[in-house]
Amino acid sequence: AMERSYMSLLLLLIVISCALAKDVGKKDSKDTTTKPKLPQTLSRGWGDQLIWTQTYEEALFRSKHSQKPLMIIHHLEDCPHSQALKKVFAEHKDIQKLAEKFILLNLVYETTDKNLAPDGQYVPRVLFIDPSLTVRADITGRYSNRLYAYEPSDISLLYSNMQKALKLLKTEL
């Protein structure tokens, strides 16, 4: 009987600490100075071990302050092209390694910033923004009708475009 009461006490403590953690989490969201460790659901499967920002505003802020370029992936959960690109992106070891040098954001909705849709709102599309907060419209994929679209077969082009976004950065600063 002793063991059982210890177990129920332990469970009670776990429940209480979870409830407290929730309350703390609520307070943190208002206080922008603290950076709460966000759950990895923000990756939406594009790279669970990478650090993803939550909003476009936060991504711009972090890019400017860290002097790292920003990579934005627009996609939709129920779009087969998005799903296919996500799979090769997440499994590409070199891309996942290189992505650590970027501020990262993936969006399943459009922002009000028209600069993020230079040639329309389609998915998937990948855009780079440098720390001066300029959209790098010059870094394009291989399709003239959808300049920022990538198919799974274009993954090496996306990789070299990521390198380009980093390289140009070094020469400009």
For this session: Would you give the length of the straight line joining atom NZ of Lys68 to atom CD1 of Ile129, rounded to the nearest 0.5 angstrom?
Result: 15.5 Å
For this session: Please name all residues satisfying salt bridge (Lys or Arg N to Asp or Glu O under 4.0 Å) with Asp138, sequence neighbours left out, ordered by chain then number.
Result: Arg136
Exercise. Once you round to the nearest 0.5 Å, how far does CH2 of Trp46 lie from OG of Ser82?
Worked result: 6.0 Å
Exercise. Do the non-hydrogen side-chain atoms of Ile72 and Thr111 ever get within less than 4.5 Å of each other?
Worked result: no
Seminar exercise, completed: Distance col, row Glu58:CD vs Ser63:OG, nearest 0.5 angstrom, shows 12.0 Å
Exercise. So do Val88 and Leu85 actually touch side chain to side chain, heavy atoms under 4.5 Å?
Worked result: yes
Exercise. What residues join Tyr143 in its hydrophobic cluster, counting side-chain heavy atom gaps under 4.5 Å, either direct or through other members?
Worked result: none
Exercise. Would a distance-only check, ignoring hydrogens and angles, find a side-chain to backbone donor-acceptor pair under 3.5 Å from Gln121 to Leu116?
Worked result: no
Problem set entry | Residues that Glu91 engages under side chain to side chain donor-acceptor pair (under 3.5 Å), provided they are two or more places apart | Lys87
Problem set entry | Under 3.5 Å donor-acceptor, Lys101 side chain and Met162 backbone | no
Problem set entry | Any residue meeting salt bridge (Lys or Arg N to Asp or Glu O under 4.0 Å) with Glu151, in chain and number order, not counting sequence neighbours | none
Exercise. OG1 of Thr55 to CG of Leu105: how many Å apart, nearest 0.5 Å?
Worked result: 7.5 Å
For this session: Check Ser43 against Asn106 and note the closest heavy-atom contact, atom names and distance.
Result: O-ND2, 3.1 Å
Problem set entry | ILVMFWY clustering at 4.5 Å (side-chain atoms), partners of Val123 | Leu76
Problem set entry | Cluster link Ile155 to Tyr150, ILVMFWY, side chain under 4.5 Å | yes
Exercise. Do the side chain of Ser66 and the main chain of Arg62 share a donor and acceptor less than 3.5 angstrom apart?
Worked result: yes
Exercise. Going hydrophobic residue to hydrophobic residue with side-chain gaps under 4.5 angstrom, can you get from Phe61 over to Tyr56?
Worked result: no
For this session: Sequence neighbours left out, what passes salt bridge (Lys or Arg N to Asp or Glu O under 4.0 Å) with Lys97? Give chain and number order.
Result: Glu100
Exercise. Mind checking whether Trp52 and Phe89 have parallel, tilted or perpendicular rings, split at 30° and 60°?
Worked result: tilted
Exercise. Counting only heavy atoms not in His92, do more than 12 fall under 6.0 Å of its NE2?
Worked result: yes
Problem set entry | Linked, directly or transitively: Ile139 and Met71 (ILVMFWY side chains, under 4.5 Å) | yes
For this session: Following the transitive rule for hydrophobic clusters with a side-chain heavy-atom cut-off under 4.5 Å over Ile, Leu, Val, Met, Phe, Trp and Tyr, establish whether Ile103 and Leu133 coincide in one cluster.
Result: yes
Problem set entry | Counterpart residues, salt bridge (Lys or Arg N to Asp or Glu O under 4.0 Å), relative to Arg146 (two or more places apart) | none
Seminar exercise, completed: Heavy-atom nearest pair, Gly47 first then Gln96, reads CA-OE1, 3.2 Å
Seminar exercise, completed: Those residues at least two apart in sequence (or on a different chain) that pass side chain to side chain contact (heavy atoms under 4.5 Å, CB included) with Ser156 are none
For this session: Using the test ring pair (Phe, Tyr, Trp, His ring centres under 6.0 Å), find all partners of Phe102 that sit at least two apart in sequence or belong to another chain.
Result: Phe128
For this session: Only counting residues at least two apart or in another chain, list the ones meeting side chain to side chain donor-acceptor pair (under 3.5 Å) with Lys64.
Result: none
Problem set entry | Residue list, side chain to side chain donor-acceptor pair (under 3.5 Å) with Tyr148, at least two apart or on another chain | none
Exercise. Can you tell me how far the OG atom of Ser153 sits from the CZ atom of Arg142, to the nearest 0.5 Å?
Worked result: 6.5 Å
Problem set entry | Considering all heavy atoms, the nearest Thr53-Leu104 contact | OG1-O, 2.7 Å
Exercise. Which heavy atom of Gly45 sits nearest a heavy atom of Ala90, and at what distance?
Worked result: O-CB, 3.4 Å
Problem set entry | Side chain to side chain, Leu157 and Ser160, heavy atoms closer than 4.5 Å | yes
For this session: If a pair satisfies salt bridge (Lys or Arg N to Asp or Glu O under 4.0 Å) and one of its residues is in residues 112-129, list it, with sequence neighbours excluded.
Result: Glu110-Arg125
Problem set entry | same_hphob_cluster(Tyr122, Ile73) at 4.5 Å side-chain heavy-atom cutoff | no
Problem set entry | Trace of the side chain to side chain contact (heavy atoms under 4.5 Å, CB included) decision for Leu98 with Leu166 | CA-CA 9 Å; Leu98 196 60; Leu166 286 164; 3.6 Å; yes
For this session: Mind checking the OG1-CG spacing from Thr140 to Asn161? Nearest 0.5 Å is all I need.
Result: 6.5 Å
